[in-house]
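Below is one structure, written out as C-alpha cells; the observations come after it.
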2 protein chains.
Amino acid sequence: MITEGSDSSFATQPAGVILALQRATHDTLRLLTARLAGENLSGSEINVLANLADGRVRSVGELAVDTGTKPTTLTSLLDRLASRGLLTRELDPADRRSFLLTLTAPGSRAARAARDVMDAIEAEALGSVSDAELAGFHAVVRALTAASQ
Amino acid sequence: MITEGSDSSFATQPAGVILALQRATHDTLRLLTARLAGENLSGSEINVLANLADGRVRSVGELAVDTGTKPTTLTSLLDRLASRGLLTRELDPADRRSFLLTLTAPGSRAARAARDVMDAIEAEALGSVSDAELAGFHAVVRALTAASQ
DNA sequence: TATTGTTATACTCTATAACTATA
DNA sequence: TATAGTTATAGAGTATAACAATA
C-alpha cells in the first residue's frame with residue numbers, strides 16, 4: 001500500500017524510475033556514510049566492503065560487476081583499503097592475470113559494520129513495506145541492471 | 001516472495017536492497033551517458049536536466065532535494081550548464097537570496113533528449129515487469145528516500 | 001590475439017567551512 | 001539570528017588509453 005504517494009509532502013517525488021533510483025541512491029549513501037563516520041569510509045568504500053562482507057573471495061572484475069563500476073575505478077580504492085590493512089590482493093593461482101580479493105580480520109569487521117548499518121537502515125525504512133512490494137523492487141532493479149549490461 | 005533470488009543465472013545479484021540500488025544506479029547511469037554521448041553530458045548533468053525536463057522552475061535547493069545532492073554540489077555543475085547556454089539563474093523576486101533555474105530552448109531540447117533516453121531504457125528494461133511490481137519498486141524507493149532525510 | 005588489471009591522465013562529483021546577501 | 005547559495009578548498013569517483021603480464 002502506497003499511502004505516502006498521495007501525500008502532498010512528497011510532491012517532489014521524481015516521475016521516472018531512473019530518477020527515483022538516483023535520488024534514493026544519493027540519499028541512502030549520504031545517510032550511510034554519516035552513520036559510519038567512525039569508520040572513516042567513503043561511500044564507494046562502503047559499497048565495496050559491503051559487497052565483500054559475504055566472505056566470498058572475488059576477482060577485481062567480479063567486484064566491478066557487483067558494484068556496478070569498472071576495474072579501473074576500483075584500483076585506487078583497493079589500494080587505499082589494502083594500505084589500511086582491510087584487504088589483501090593475492091595472485092589467483094588458476095589465472096595469474098587475476099587477483100583474489102580477501103578481507104583481513106579488521107576488514108571483515110569493517111565490512112560487517114557496513115552491512116549492519118545498511119541492514120538497519122533497510123529495516124527502519126521498509127518496516128511498512130510488504131514482501132510483495134519488496135519483490136517488485138527487486139524485479140525492477142534486476143531488469144534495469146540486466147538491460148544495462 | 002522473491003523467487004528470482006534463487007535463479008543461478010543471477011548468482012551475483014546483491015543480497016541487500018541498498019546494494020542492489022547502488023549497482024542498478026551505476027549501471028543505468030553508464031548506459032545513459034553512453035547513449036547520450038552526442039550531447040556531451042556527464043551523469044550528474046543528465047540527472048539535473050532530466051529533473052528539470054518537466055518545465056517546473058526550481059530553486060537550487062529544490063533541485064538539490066530532487067536530485068539527492070547538496071546545493072554546494074550543484075553550483076559548479078549549474079555554472080557549466082549556464083555557460084553552455086542550457087539554463088539561466090534569475091533572482092527570485094519573492095526571496096532575493098534564492099535563484100530560479102529555468103531551461104533555455106537548447107536546454108529544454110537537451111533535457112527532452114535525456115528524458116527520452118531514460119524513458120526508452122525504462123521501456124526496454126521493464127517490458128515484462130508488472131504494474132504491481134513497479135508500484136512495489138516505487139514504494140521501496142520512496143520509503144528509503146523518506147527515511148534518509 | 002584476447003583478457004586481467006594497473007598506470008597515467010584528465011575531469012567530474014561531493015561535501016565542509018567560510019562568506020555574502022537577504023530574510 | 002537564520003537561511004540561500006556561492007567560493008575556496010580538498011579529496012574521492014569515474015573512465016579512456018596505453019601498458020605489462022598472462023592466457
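First the proteins, then the strands, lettered A, B, ... as listed; each starts at 1.
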Tell me whether the side-chain N/O atoms of A:Ser42 come closer than 4.0 Å to OP1 or OP2 in D:dG13. yes
To the nearest angstrom, how far is B:Leu41 atom CG from D:dA15 atom P? 16 Å
Whole angstrom is fine here: how far is it from CG in A:Asn47 over to C1' in D:dA12? 14 Å
Do A:Ser44 and A:Ser42 get their side chains close enough for a donor-acceptor pair, meaning under 3.5 Å? no
Given that A:Arg30 and A:Val60 both sit by DNA chain C, which one's nearest nucleotide is further toward the 5' end? A:Val60
Can you tell me if the side-chain N/O atoms of B:His26 get under 4.0 Å from OP1 or OP2 in D:dG13? no
Heavy atoms within less than 4.0 Å of DNA chain C: which residues of residues 86-99 of chain B have one? Give them sorted by number. B:Asp95, B:Arg96, B:Arg97
Provide a list of protein-nucleic acid N or O atom pairs under 3.5 angstrom, restricted to nucleotides 17-20 of chain D.
none

Got a sec, which residues hit side chain to side chain contact (heavy atoms under 4.5 Å, CB included) with B:Ser108, two or more places apart in sequence or on another chain? B:Leu103
Across all chains, not counting sequence neighbours, the side chain to side chain contact (heavy atoms under 4.5 Å, CB included) partners of A:Thr102 are A:Val57, A:Thr88, A:Glu90
Are any of the side-chain nitrogens in B:Arg84 or B:Glu45 under 4.0 Å away from the carboxylate oxygens of its partner? yes
B:Leu32 CG - D:dT14 P separation (whole Å): 15 Å
Could you tell me whether the side chain of A:His138 reaches within less than 4.5 Å of the side chain of B:Val17, counting heavy atoms only? yes
Presence of A:Thr73 side-chain N/O under 4.0 Å of D:dA15 phosphate oxygens OP1/OP2: yes
Using heavy atoms to find the nearest nucleotide of DNA chain D for A:Glu45 and B:Thr75 separately, return the residue whose nucleotide is more 5′. B:Thr75
So, for B:Val65 and A:Arg23, which heavy atoms are closest and what is the spacing to 0.1 Å? O-NE, 3.3 Å
Salt bridge between A:Asp116 and A:Arg109, side-chain N to carboxylate O under 4.0 Å? no
Walk along DNA chain C from 5' to 3' and tell me the first and last nucleotide with an atom closer than 4.0 Å to a non-hydrogen atom of chain B. C:dT12 to C:dA23
Below 4.0 angstrom, N of the basic side chain to O of the carboxylate: do A:Arg35 and A:Glu124 qualify? yes
My understanding is that only residues two or more places apart in sequence, or in another chain, count here; which of them pass side chain to side chain contact (heavy atoms under 4.5 Å, CB included) with B:Ser59? B:Glu62, B:Ser98
Give the rounded distance in Å between these two atoms: CG of B:Asp79 and C1' of D:dG5. 11 Å
Over how many whole Å does the gap from B:Leu29 atom CG to D:dT14 atom P extend? 9 Å
Test salt bridge (charged side-chain N to carboxylate O under 4.0 Å, His left out) on A:Asp66 and A:Arg56; report intermediate values, then the result. CA-CA 12 Å; A:Asp66 289 348; A:Arg56 195 157 66 77; 3.6 Å; yes
Where each residue is assigned the nucleotide of DNA chain C containing its nearest heavy atom, which of B:Thr69 and A:Leu100 is assigned the position nearer the 5′ end? A:Leu100
Spacing of A:Leu78 atom CG relative to D:dT14 atom P, expressed in whole Å: 13 Å
Do B:Leu134 and A:Phe137 land in one hydrophobic cluster if side-chain heavy atoms of ILVMFWY residues count as linked below 4.5 Å? yes
When the distance from CG of A:Leu74 to P of D:dT16 is rounded to whole Å, what number comes out? 14 Å
If only atom types and distance count, is the side chain of B:Asn51 paired as donor or acceptor with the main-chain N or O of B:Asn47 below 3.5 Å? yes
